[in-house]
Amino acid sequence: MPPWGAALVLLLAALALLGLLAPRLRRPGGRAVGDGTLPGTRGQDDDHFGNGREPLPGGCRLICKPSALAQCLLRALRRSAALEPGPRSWLCGPHLQTLCHFVLPVGPGPELAREYLQLADDGLVALDWVVGPCARGRRVTNAGSLTPVLLVIPNAWGRLTRNVLGLCLLALERGYYPVIFHRRGHHGCPLVNPRLQPFGDPSDLKEAVTYIRFRHPAAPLFVVSEGSGSALLLSYLGECGSSSYVTGAACISPVLRCREWFEAGLPWPYERGFLLHQKIALSRYATALEDTVDTSKLFRSRSLREFEETLFCHTKSFPISWDTYWDHNDPLRDVDEAAVPVLCICSADDPVCGPPDHFLPTELFHSNPYFFLLLSRCGGHCGFLRQEPLPAWSHEVILEYFRALTEFFRTEERMKGLSRHRASFLGGRRRWGTLQKREVSPSSSLEEIFSWKRSYTR
């Protein structure tokens, strides 16, 4: 760990300790968070989401629009051992869950092979391919088919957390080929031109996905994002629609209402910690950024909003308003165009995102058949930890979700082939009367088989 990393860890720990001494942290102008109960319940079994939610083990809820895919996912989650409630421990608090994820040292982690990808504007992004260690009991996810690629997008601050590396190790063990996407200037990726990636601009990710498809043209591609990095994933899925090349996606503690999130501010220990991390990461590029932004104002920023606004809105060459910035970077601006199933795993006690009734657009999950919300009672922000050695149950759920998607689409393709075979067989019959008799049963059964399409694709 670099010296500034150790200093950041100590500062975050001190700030968190001060925050934990208070009974509950409050977002500026918002409600208190961190009591571990769903809004409006206070210990009751019901929550504020009303109809459209399905109970699951461990006090979780699946919130989605009814469809055949939703039923398939519900069956998979009800069988999941990862959601089974475990014994309570010192990790139950939302702030401890969050800080164990962000502050604890990463450890040895997996073996990574880095590639730098030169973009159209001569900028660089980095791809870290996970090449080891390979566990002895490695399981194959898709027997008889190509190894699926798992693209992992870290948070927008560029910090590679222990949970991201844990997900990569588990995915490698389950037969995936994980690769981590790093933005310009993040995690050792050089900033070769004075241009950083805005919060929800997927242009760099598009080029990275194109390259991954070039390397693995026939392999299924799954994508997972963490925290604020979900804005990049959702922007990509919305802009690309059915041309995203993605089979399935998952978001861990996503920030969905990003503008409101910046404007409301975070509880002060997290606000100061994330802001400090941003300033330290960009301090090495201060000279290179002087021609594009007011670096003195940038490093004097006292909030994440001020930092973001100075960096991307108050530029010297092409200044724009805060409203215009979010018109182009809101991750849900093209959400109706998304054509990939997306599972969002959120916690009701998330101290970074805030209460779910304030920062979760529940209407999206009730109306859009591609979006599924798994809401747990506790887990903090990107934590979802259980017992030693600090495994995140969200990782197991995500891989089970991808497996359920694979089986669902494979069954659907098998049914399509069966229907084509039957149609060809019946079309070769010469006697019309016989054809009419044989068509009655298959047509009714096919209508039931493909009824999911009307609810799944609207």
Side-chain angles (χ1 to χ4, degrees), residues 62-74 76-77 141-142 145-146 148-153 167 171 176-179 181 200-213 216-226 229-256 330-346 361 364-374 394 397-413 416 452-458:
L62 180 66
I63 302 164
C64 58
K65 182 178 181 179
S67 67
L69 179 58
Q71 290 298 322
C72 176
L73 177 57
L74 188 61
L77 292 177
T141 300
N142 294 335
S145 62
L146 294 172
V149 176
L150 179 65
L151 176 61
V152 181
I153 303 175
L167 173 62
Y176 292 84
Y177 193 7
V179 55
F181 172 80
D201 178 11
S203 57
D204 292 356
L205 182 60
K206 288 180 183 179
E207 296 190 50
V209 171
T210 301
Y211 173 71
I212 292 172
R213 292 293 298 176
H216 303 273
L221 176 62
F222 298 94
V223 188
V224 177
S225 61
E226 179 191 56
S230 300
L232 187 59
L233 171 58
L234 295 176
S235 297
Y236 171 78
L237 296 178
E239 284 198 9
C240 295
S242 58
S243 302
S244 65
Y245 301 110
V246 176
T247 303
C251 303
I252 304 174
S253 298
V255 180
L256 298 177
D330 189 334
L332 302 183
R333 61 189 181 277
D334 297 315
V335 69
D336 289 338
E337 301 299 324
V340 173
V342 181
L343 175 66
C344 298
I345 303 180
C346 302
L364 170 65
F365 301 97
H366 285 299
S367 61
N368 193 317
Y370 289 102
F371 283 80
F372 306 88
L373 173 62
L374 179 61
S394 55
V397 169
I398 286 173
L399 297 183
E400 290 176 356
Y401 158 68
F402 288 154
R403 183 169 62 249
L405 278 184
T406 302
E407 294 174 356
F408 179 83
F409 290 130
R410 184 181 296 147
T411 302
E412 188 268 338
E413 289 298 325
K416 279 185 178 180
W452 69 272
K453 284 193 170 183
R454 288 190 290 274
S455 60
Y456 181 65
T457 61
R458 297 185 298 277

Give me the atom names and distance for the closest heavy-atom approach of Val340 to Gly248. CG1-CA, 3.7 Å

Under the side chain to side chain contact (heavy atoms under 4.5 Å, CB included) rule, what do Ile63 and His366 come out as? Steps first, then yes or no, please. CA-CA 7 Å; Ile63 302 164; His366 285 299; 3.7 Å; yes

What closest approach, in Å, do Gly229 and Ile153 show between heavy atoms, and which atom pair accounts for it? O-CG2, 3.8 Å

Salt bridge (Lys or Arg N to Asp or Glu O under 4.0 Å) partners for Glu400, two or more places apart: none

Of the non-hydrogen atoms in Ser394 and Ile345, which two are nearest, and what is the gap between them? O-CD1, 3.9 Å

Which residues satisfy the side chain to side chain contact (heavy atoms under 4.5 Å, CB included) test with Glu407, sequence neighbours excluded? Arg403

How close do Cys64 and Ala70 get, counting heavy atoms only, and between which atoms? SG-CB, 3.7 Å

Does Tyr370 use its side chain to pair, donor to acceptor, with the backbone of Asp336 at less than 3.5 Å? no

Report yes if some heavy atom in the side chain of Phe408 is under 4.5 Å from a heavy atom in the side chain of Leu73; otherwise report no. no

Separation of Leu343 CG from Leu374 CG (nearest 0.5 Å): 6.0 Å

Give the minimum heavy-atom separation between Cys251 and Val342, together with the two atoms involved. SG-CG1, 4.0 Å

Apply side chain to side chain contact (heavy atoms under 4.5 Å, CB included) to the pair Val209 and Phe181, showing each step before the final yes or no. CA-CA 10 Å; Val209 171; Phe181 172 80; over 6 Å; no

Side-chain donor/acceptor of Arg213 to backbone N/O of Ala219, under 3.5 Å: yes

Gap separating the CG atom of Leu205 from the CG atom of Leu237, nearest 0.5 angstrom: 8.5 Å

OG (Ser243) and CD (Glu337) are apart, to the nearest 0.5 Å, by 11.0 Å

Residues in side chain to side chain donor-acceptor pair (under 3.5 Å) with Tyr245, at least two apart? none

Taking all heavy atoms of Lys65 and all of Ser367, pick out the closest pair and write down the distance. CD-O, 3.4 Å

Approximate separation, where rounding is to 0.5 Å, of Phe371 CZ and Leu234 CG: 5.5 Å

Counterpart residues, side chain to side chain donor-acceptor pair (under 3.5 Å), relative to Ser230 (two or more places apart): Ser225

Does the pair Ile398 and Ile252 meet the rule for a side chain to side chain contact (heavy atoms under 4.5 Å, CB included), with working shown? CA-CA 9 Å; Ile398 286 173; Ile252 304 174; 3.6 Å; yes

Does any non-hydrogen side-chain atom of Phe365 lie less than 4.5 Å from one of Cys344? yes

Under the salt bridge (Lys or Arg N to Asp or Glu O under 4.0 Å) rule, collect the residues that match up with Arg333, sequence neighbours excluded. Glu239

Partners of Asp201 by salt bridge (Lys or Arg N to Asp or Glu O under 4.0 Å), sequence neighbours excluded? Arg195

When rounded to the nearest 0.5 angstrom, what distance separates CG in Leu150 from CG in Leu399? 7.0 Å

By ring-ring contact (aromatic ring centres under 6.0 Å, His included), which residues pair with Tyr236, not counting sequence neighbours? none

Anything under 30° is parallel, anything over 60° is perpendicular, the rest tilted; go ahead and classify Tyr176 against Phe222. perpendicular

Separation between CG (Leu69) and CZ (Phe372), nearest 0.5 Å, reads 4.0 Å

